[in-house]
Enquirer: 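First the structure, which I've put down as structure tokens, then a few questions once you've had a look.
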Amino acid sequence: MNAKFYVTTPIYYVNDAPHIGHAYTTILADVLARFHRALGDDTFFLTGVDEHGQKVEQAAQKRGLTPQAHCDDLAPRFTSLWKKLGISNDDFIRTTQDRHKRIVQMILQKVYESGDIYQKEYEGLYSVAEERFITEKEAESGQFREVKTIKEKNYFFKMSKYQDRLIKYIEDHPNFLRPDHRRNEMLGFLRQPLTDLCISRPKARLSWGIEIPFDREYVTYVWFDALINYISAIGYGTDDAKFKRFWPGVHLIGKDILTTHSIYWTTMLFSLDLPLPETIFAHGWWLMGESKMSKSLGNVVRPLDLIEQHGVDAVRYYLMSEMILGQDANFTPENFIKRYNSDLANDFGNLLNRVSGLIGKNHGNVIPEAGTPTEAEAAIMAQGQILGKNVQALIADYKVDAAINEVMNLIRAVNKYMEMQAPWKLAKTDLPAAGRVLYTATEALRLAAVLLKAVMPDKAMIVLEILGAHDSGLTWGELKSGVTLPSFPPLFPRIELEKKT
RNA sequence: CGCGGGGUAGAGCAGCCCGGUAGCUCGUCAGGCUCAUAACCUGAAGGUCCUUGGUUCAAAUCCAAGCCCCGCAACCA
């Protein structure tokens, strides 16, 4: 029986156009989803956008649009980018959709009736300029103008009630919060008493949100709204069968929203009496050179520029192989080019080229017979045979970079093997032996392509089609002898470095 | 003394849990090959494994103290 796999990205806030960070998380989710689909798992991949809240309202105002019109304009920027990035999401949720709003209101009502929401007067420091409450520390920093103490009635969610249960849950489930250091971070955070979460905003202050069903004077706080997307999209409250089929799932998030997910969301789920997510995985950030990517520094990388220059798959490959999941990574154009050239052009693409060239020259363009393996073939075969299992295990453990490296190790080994066996020499004295070498090398390439399908869907498929093996699997030897190879342009043309001026 | 993570060749990382010749990718240098996208292969140079002290026959690995960097610290993607 196959397992199920439900993976989500955060729903992205639509106050600005998507950047490399959004693209990264989404590609990561896509790669995992594609891997699991290939394994035959019942897979569901959700992404979407978060459209309520103050910043959206303000961004709309600036453009002279209604918030809804602003959202309708921005949401397609995400969907069209995902299309260009080859994202295979099964659904795309927008929090302004009725299907979502209805469920959020239903949940608010339910939690209210269960007694986990109460009203209280809240007093705190409020920055009129920023239109939000700030902490004392922030006030001391002097970065906020027009700070004053205001009192306001608001609704609160009894997060504190679930603190002990949450601590115990995290301690008992080592795979719940990952990587480990984030888990420790949250356990440390939970050592201090939790306060309850303010989940309302008076309409006078913010109107762009989901109305609280039991008090029309308020809308709900964006996080209480947004987090629910993970279950509203898969049928919570409307399609029980679907919901039970996929929940709980894996949430991929950036480290910036760890607290909201591991504390707010989980306590909400406790209150709803639902199982907690299987895993919340917080990945790191892409740093641009030495500094964090930020609009004010003008170093925001737009994924589209890269795709246009080097192709989607190269970008996907770079992002997936360069970042060790959970740690920050450095994004520089030099780095990108280095990795592209060394892994994709020199190792992978060039191997395909030399192998197909030799098959063309000495074997009439037809994939030769496998022959009887010698020790040299046996070594490559052995590596190839366990590769699938190794990669699967690494993917299951969210070690995408290591999984990719495992595949590249086979390619490197085959380049070595080619050098040792020298089929271009062998062909002159022992044509079947040369054929045996080329079959082995080609089969390794096929296997690598099958495993890289999740990361580079287009390029991997091109390779498989060239080899006449588009629907082949992970078993060594599936490559068919006798297939005629078409001619094809270099798979990954080298990027020539422009000289710096 | 808030909590947590980390400091290993020029760069990025693995090894540390379960002590025993310090490894991978990129870069540099030399050589080889010439099937290939000036690519591929081999070899070399390059390390006080942050510091100090301890345990041990033996420490990057365990213990202690210190120095430095980075996250988190509540309503803020």
Enquirer: Any Lys/Arg nitrogen of A:Arg178 or A:Asp397 sitting under 4.0 Å from an Asp/Glu carboxylate oxygen of the other?
Expert: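 Salt bridge present between A:Arg178 and A:Asp397.
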
Enquirer: Between B:rA77, B:rU34, B:rC40, spot the one nearest the side chain of A:Pro10, thanks.
Expert: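 Nearest to the side-chain atoms of A:Pro10, counting from C-beta on, is B:rA77.
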
Enquirer: When you check the gap from the basic side-chain N to the acidic O, do A:Arg446 and A:Glu443 get nearer than 4.0 Å?
Expert: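 Counted as a salt bridge, because a side-chain N and a carboxylate O are separated by less than 4.0 Å.
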
Enquirer: Which nucleotide sits closest to the side chain of A:Phe156: B:rU34, B:rA77, B:rC75?
Expert: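 Among B:rU34, B:rA77, B:rC75, the one nearest the side chain of A:Phe156 is B:rC75.
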
Enquirer: Using the P atoms only, state how far B:rA44 lies from B:rC24, rounded to an integer number of Å.
Expert: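 To the nearest whole Å, 11 Å.
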
Enquirer: Please work out if A:Pro193 contacts a base, only the sugar-phosphate, or nothing of the nucleic acid, heavy-atom cut-off 4.0 Å.
Expert: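 Contact class for A:Pro193: base.
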
Enquirer: Only pairs at least two apart or in different chains count here, so list each salt bridge (charged side-chain N to carboxylate O under 4.0 Å, His left out) that has a residue in residues 400-409 of chain A.
Expert: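 Listed by first then second residue: nothing to list.
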
Enquirer: Establish, with yes or no, whether the OP1 or OP2 oxygen of B:rC40 is under 4.0 angstrom from a side-chain nitrogen or oxygen of A:Asn350.
Expert: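 Indeed not, no polar side-chain atom of A:Asn350 lies that close.
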
Enquirer: Taking distance alone, no hydrogens or angles, what donor-acceptor pairs closer than 3.5 Å link side-chain atoms of residues 168-175 of chain A to residues at least two apart or in another chain?
Expert:
| unit_1 | atom_1 | unit_2 | atom_2 | d |
| --- | --- | --- | --- | --- |
| A:Lys168 | NZ | A:Asp172 | OD2 | 2.7 |
| A:His173 | ND1 | A:Tyr169 | O | 2.8 |

Enquirer: Can you check the A:Ile411 CD1 to B:rC40 P distance for me, whole Å?
Expert: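 Rounded to whole Å, this separation is 13 Å.
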
Enquirer: Enumerate, atom names and distances included, each donor-acceptor pair closer than 3.5 Å involving a side-chain atom of residues 420-436 of chain A, sequence neighbours excluded.
Expert:
| unit_1 | atom_1 | unit_2 | atom_2 | d |
| --- | --- | --- | --- | --- |
| A:Thr429 | OG1 | A:Leu426 | O | 3.3 |
| A:Asp430 | OD1 | A:Ala433 | N | 3.2 |
| A:Arg436 | NE | A:Glu377 | OE1 | 3.2 |

Enquirer: Round to a whole Å and report the spacing from CG of A:Asp256 to P of B:rA77.
Expert: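 Whole-Å distance recorded here is 10 Å.
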
Enquirer: B:rA74 C1' sits how many Å from A:Met186 CE, rounded?
Expert: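 Nearest whole value for this atom pair: 10 Å.
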
Enquirer: Without hydrogens or angle criteria, can the side chains of A:Asp116 and A:Tyr162 be said to hold a donor-acceptor pair below 3.5 Å?
Expert: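 A pair is found: one side chain offers a donor N or O, the other an acceptor, under 3.5 Å apart.
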
Enquirer: Expressed in angstrom and rounded to an integer, what is the separation of A:Gln58 atom CD from B:rC76 atom P?
Expert: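 Rounding to the nearest Å, CD of A:Gln58 and P of B:rC76 are 12 Å apart.
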
Enquirer: Between A:Tyr340 and A:Tyr317, is the ring centre distance below 6.0 Å?
Expert: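 Ring-ring flag for A:Tyr340/A:Tyr317: false, centres at least 6.0 Å apart.
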
Enquirer: Is there any protein nitrogen or oxygen under 3.5 Å from a nitrogen or oxygen in nucleotides 1-5 of chain B, and what are the pairs?
Expert:
| unit_1 | atom_1 | unit_2 | atom_2 | d |
| --- | --- | --- | --- | --- |
| B:rC3 | O3' | A:Arg191 | NH1 | 3.4 |

Enquirer: Can you tell me the pairing partner of B:rC18 across any strand shown, Watson-Crick or G-U wobble, with both distances under 3.5 angstrom?
Expert: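 Here B:rC18 is not engaged in any pair, so there is no nucleotide opposite it.
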
Enquirer: Phosphate oxygens OP1/OP2 of B:rC76: is one of them under 4.0 Å from a side-chain N or O of A:Arg201?
Expert: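 Yes.
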
Enquirer: Taking the C1' atom of each, how far is B:rA30 from B:rC68, in whole Å?
Expert: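 39 Å, rounded to whole Å.
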
Enquirer: Atom CD1 of A:Ile359 and atom P of B:rC35: how far apart are they, to the nearest Å?
Expert: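 Those two atoms, CD1 and P, are 16 Å apart.
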
Enquirer: Both distances under 3.5 Å, Watson-Crick or G-U wobble: report the partner of B:rC75, or none.
Expert: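 Because no pair has both required distances under 3.5 Å, B:rC75 counts as unpaired.
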
Enquirer: Are the side chains of A:Ile257 and A:Pro10 in contact, using a 4.5 Å heavy-atom criterion?
Expert: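 Yes, at least one pair of side-chain atoms sits under 4.5 Å.
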
Enquirer: Polar atoms only, N or O, under 3.5 Å: list the protein pairs with nucleotides 25-29 of chain B and their distances.
Expert:
none

Enquirer: Both distances under 3.5 Å, Watson-Crick or G-U wobble: report the partner of B:rA64, or none.
Expert: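 Pairing partner, where one exists within any strand: B:rU52.
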
Enquirer: Looking only at atom C1', what distance separates B:rC29 and B:rC16, rounded to whole Å?
Expert: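 33 Å, rounded to whole Å.
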
Enquirer: Taking a pair as Watson-Crick or G-U wobble with both distances under 3.5 Å, which nucleotide is matched to B:rA44?
Expert: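 With both distances under 3.5 Å, B:rA44 matches B:rU28.
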
Enquirer: Using the P atom on both, measure B:rC17 against B:rA74 and round to a whole Å.
Expert: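 Result for the P pair: 36 Å, nearest Å.
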
Enquirer: Considering only atom C1', compute the distance from B:rU55 to B:rG10 and round it to an integer number of Å.
Expert: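 After rounding to an integer number of Å, I get 36 Å for this pair.
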
Enquirer: Classify the nucleic acid contact of A:Ile11 as base, sugar-phosphate or nothing, counting any heavy atom under 4.0 Å across all strands shown.
Expert: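 Base contact.
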
Enquirer: Would you mind telling me which residue lines up with the more 5' stretch of RNA chain B, A:Tyr13 or A:Leu352, judged by nearest nucleotide?
Expert: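 That would be A:Leu352.
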
Enquirer: Assign A:Tyr12 to base, sugar-phosphate, or nothing according to its heavy-atom contacts below 4.0 angstrom with the strands shown.
Expert: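 Base, at least one base atom sits under 4.0 Å.
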
Enquirer: Tell me yes or no: between the side chains of A:Tyr155 and A:Asp215, is some donor less than 3.5 Å from an acceptor?
Expert: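 A:Asp215 and A:Tyr155 do have a side-chain donor-acceptor pair below 3.5 Å.
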
Enquirer: Quick one: look up who B:rU34 pairs with, Watson-Crick or G-U, both distances under 3.5 Å, and put none if it's unpaired.
Expert: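 Paired with no nucleotide.
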
Enquirer: Using the C1' atom in both, what is the distance from B:rA11 to B:rG66, to the nearest Å?
Expert: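 Rounded to whole Å, the distance is 28 Å.
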
Enquirer: Using Watson-Crick or G-U wobble geometry with both distances below 3.5 Å, tell me the partner of B:rG4, or none.
Expert: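 Answer to the pairing question: B:rC70, which forms a Watson-Crick or G-U pair with B:rG4.
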
Enquirer: Given the P atoms of B:rC13 and B:rC70, what is the spacing between them in whole Å?
Expert: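 One P to the other, the span is 15 Å.
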
Enquirer: Side chains of A:His251 and A:Trp265: any donor to acceptor distance under 3.5 Å?
Expert: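 Per modelled atom types, A:Trp265 and A:His251 side chains form a pair under 3.5 Å.
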
Enquirer: Closest approach to the side chain of A:Thr259, judged atom by atom: which nucleotide of B:rC75, B:rA73, B:rC35 is it?
Expert: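 Nucleotide nearest to A:Thr259's side chain: B:rA73.
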
Enquirer: For A:Lys153, does the NZ atom sit with more than 12 other heavy atoms under 6.0 Å from it, leaving out its own atoms?
Expert: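 Open: at most 12 neighbouring heavy atoms sit under 6.0 Å from NZ of A:Lys153.
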
Enquirer: Measure from NZ on A:Lys425 to P on B:rG32 and round the result to the nearest Å.
Expert: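 In whole Å, B:rG32 P lies 13 Å from A:Lys425 NZ.
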
Enquirer: When you measure from the side chain of A:Asn353, which nucleotide among B:rA77, B:rU37, B:rU34 comes out closest?
Expert: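 The listed nucleotide nearest to A:Asn353's side chain is B:rU37.
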
Enquirer: Looking at B:rC33, B:rC40, B:rC75, which one has an atom nearest to any side-chain atom of A:Tyr264?
Expert: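 Closest of the options to the side chain of A:Tyr264: B:rC75.
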
Enquirer: Using the P atom as the point on both nucleotides, what is the distance between B:rU42 and B:rU25, in whole Å?
Expert: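 About 9 Å, rounded to a whole number of Å.
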
Enquirer: Identify each atom pair where a protein N or O and an N or O of nucleotides 11-15 of chain B are less than 3.5 Å apart, giving names and distance.
Expert:
| unit_1 | atom_1 | unit_2 | atom_2 | d |
| --- | --- | --- | --- | --- |
| B:rA14 | OP1 | A:Gln327 | OE1 | 3.3 |

Enquirer: Which one is paired to B:rC13, where only Watson-Crick or G-U wobble pairs with both distances under 3.5 angstrom count?
Expert: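 For B:rC13, the partner nucleotide comes out as B:rG23, under the 3.5 Å rule.
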
Enquirer: What's A:Gly357 touching, base or sugar-phosphate or nothing? Going by heavy atoms closer than 4.0 Å.
Expert: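 Counting heavy atoms under 4.0 Å across all strands, no contact is made by A:Gly357.
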
Enquirer: Are any non-hydrogen side-chain atoms of A:His22 and A:Thr9 less than 4.5 angstrom apart?
Expert: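 A side-chain contact under 4.5 Å is absent here.
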
Enquirer: Could you tell me whether the side chains of A:Ser200 and A:Asn154 share a donor-acceptor contact shorter than 3.5 Å?
Expert: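 Yes - a donor-acceptor pair under 3.5 Å links their side chains.
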
Enquirer: At under 4.0 Å between heavy atoms, what does A:Leu194 touch on the DNA or RNA strands: base, sugar-phosphate, or nothing?
Expert: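 A:Leu194: base contact, heavy atoms under 4.0 Å.
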
Enquirer: Measure from CG on A:Asn341 to C1' on B:rA38 and round the result to the nearest Å.
Expert: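 Distance check: A:Asn341 CG to B:rA38 C1' gives 12 Å.
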
Enquirer: Could you tell me whether the phosphate oxygens of B:rG71, OP1 or OP2, come under 4.0 Å of any side-chain nitrogen or oxygen in A:Lys255?
Expert: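 No, no such contact exists.
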
Enquirer: Using the ring of A:Phe492 (Phe, Tyr or Trp, six-membered ring only), decide whether A:Lys459 places NZ or CZ under 6.0 Å from its centre and within 45 degrees of its axis.
Expert: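 So A:Lys459 does make the cation-pi contact.
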
Enquirer: Check A:Asp50 with A:Arg94, please: is the shortest side-chain N to carboxylate O separation under 4.0 Å?
Expert: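 Answer for the salt bridge query: no.
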
Enquirer: Find the distance A:Leu431:CG to B:rC35:C1' and express it as a whole number of Å.
Expert: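 Rounded to whole Å, this separation is 14 Å.
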
